[in-house]
Amino acid sequence: MKTTSRSFSRAALASAFLATSLGVSLVLATSAAGAASTLGAAAAQTGRYFGTAVSAGKLGDSTYVNILNREFNMVTAENEMKWDATEPNRGQFSYGRGDQILNQAVSNGKRVRGHALLWHQQEPGWAQRMEGSDLRQAMMNHVTQVATHYKGKIYAWDVVNEAFADGGSGGRRDSNLQRTGNDWIEAAFRAARAADPAAKLCYNDYNTDGINAKSTGIYNMIRDFKARGVPIDCVGIQSHLTNSAPGDYQANLQRFADLGVEVQITELDIAGANQANAYAAVTRACLAVARCAGITVWGIRDTDSWRTGENPLLFDGNGNKKAAYNSVLDALNAATPSTTTTPTTPTTPTTPTTPTTPTTPTTPNPGGCTASVSLNSWNGGFVATVKVTAGGTALSGWRVTTGLPGGAAVTNAWSATNSGTTGSVTWSNVSYNGNVAAGQSTEFGFQGTGSAQGMSATCAAS
Ligand code: XIL
């Protein structure tokens, strides 16, 4: 296994453990009305997701799969969609294990983050031995092939992972990828957009948790990309932490959000004695930033973690919930949905587009529910996000009927099941989002071909 140098200080961690003989204390929160009992459901009530990294080799472990299916509504392949896994020989693609993770997720109503198209680590050996224009061509072909294979199925891709240097330079890290020319990152984003226009495209990195030289270098790159129309939709803040998040963690998320990109916490794990508090602080920071779309933890049980022996996750080795789990769940349930804006960031398609027009055909229904649609359209396709809001009484199930214009067809959906794909389509809640407290909302979405401009949506309690 290759390793990167990280900012974890094992010495600091050890002394923190020695100094804290009492360990963590569990904060008991009074359950608010409508409090959800799983991470995914609680996050969904705020319009966000809660995800985990998944390893294909563990999908036969029933403890692991039970927790996965119960708690999480977003999945990242821990290794199976990386370059060495998907293109072990040049031009020879291997999607078996990545597909296994994707299919398990989708068939259980979860969405998938793609990780990662280009990274200087876990490059296949043949690519490690390449340089220059030959490598550049292989890189772009890899992006195109993999994004095309998963087209329409990925919520967001980490297009480029960990391209910035640690330390004070704020510049790029040296790698054979970087040596193909400084424009390799934007070339990769353009290739990914062309291959899968519906996926949000993210830049993902670590040691970017606070405002520092490295995160500022990335901030400047994204600002430049937005100014020049390079397609980028999101930034991934990995958040491999020890003891606490930096004091300016939320301010850092906010400054990226203010550039107009979605912020995603992509690989959260926190070691150390202050773990439960630190997990709550990270959760609250995401909830306080409207464009923070969700949190992914990097594994399920401590024994699944890549940080062997550091126990940085939410479940212990037996699959029991830890204090950190309860602090995250309580923080999610404490969020007030009405003050939390749903983070639906319009993506920036490269092809000439119909401008993104939010349509809001709402049919008031005091005892039932209303549905409102926001559309992100491009030539030949769209993604619709539908917000279901309960009226004066809580819902224990809902049904939304959308009227699609002629020529439009649904190709893929999340967080609802549909009957039909064209014309009048009926959507029903899935197991984790049928209960909606009075006045509160949940969301589902779907992707389609054709134009959905003018689509109607009505909601009924079921
Ligand atoms: C790690 C995996 O968890 C390990 O199983 C693998 O051996 C190495 O990679 N940043 C990333 C992730 O973007 O892909 C890394 O995952 C952890 C650091």
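Remember, it's 1-based here, ligands and their atoms both numbered in the order they're listed. Numbers here simply count residues along the sequence, with the first being 1. This structure is a prediction, so every number in the text was calculated from the model and none was measured.
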[X] and [Y]: side-chain donor and acceptor closer than 3.5 Å?
X	Y	result
E123	Q121	no
Q178	D174	no
W306	D269	yes

- Message: Once you restrict to heavy atoms under 4.0 Å, what part of W298 touches ligand 1? Side chain, backbone, both or neither.
- Response: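 Side chain only.
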Going by the order shown, which atoms of ligand 1 are within less than 4.0 Å of some heavy atom of [X]?
X	value
Q122	8 (C), 9 (O)
E267	10 (N), 11 (C), 12 (C), 13 (O), 17 (C), 18 (C)
N161	11 (C), 13 (O)

Pair [X] + [Y], salt bridge at N-O below 4.0 Å:
X	Y	result
K153	D196	no
R255	D258	no
D233	K226	no

As a check for students: among K82, Q238, Q121, H240, identify the option with a heavy atom nearest to atom 15 (C) of ligand 1.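 Comparing heavy atoms across K82, Q238, Q121, H240, the nearest one to atom 15 (C) of ligand 1 lies in K82.
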Kindly confirm or rule out an N or O of [X] lying under 3.5 angstrom from an N or O of ligand 1.
X	answer
E162	yes
W306	no
H115	yes

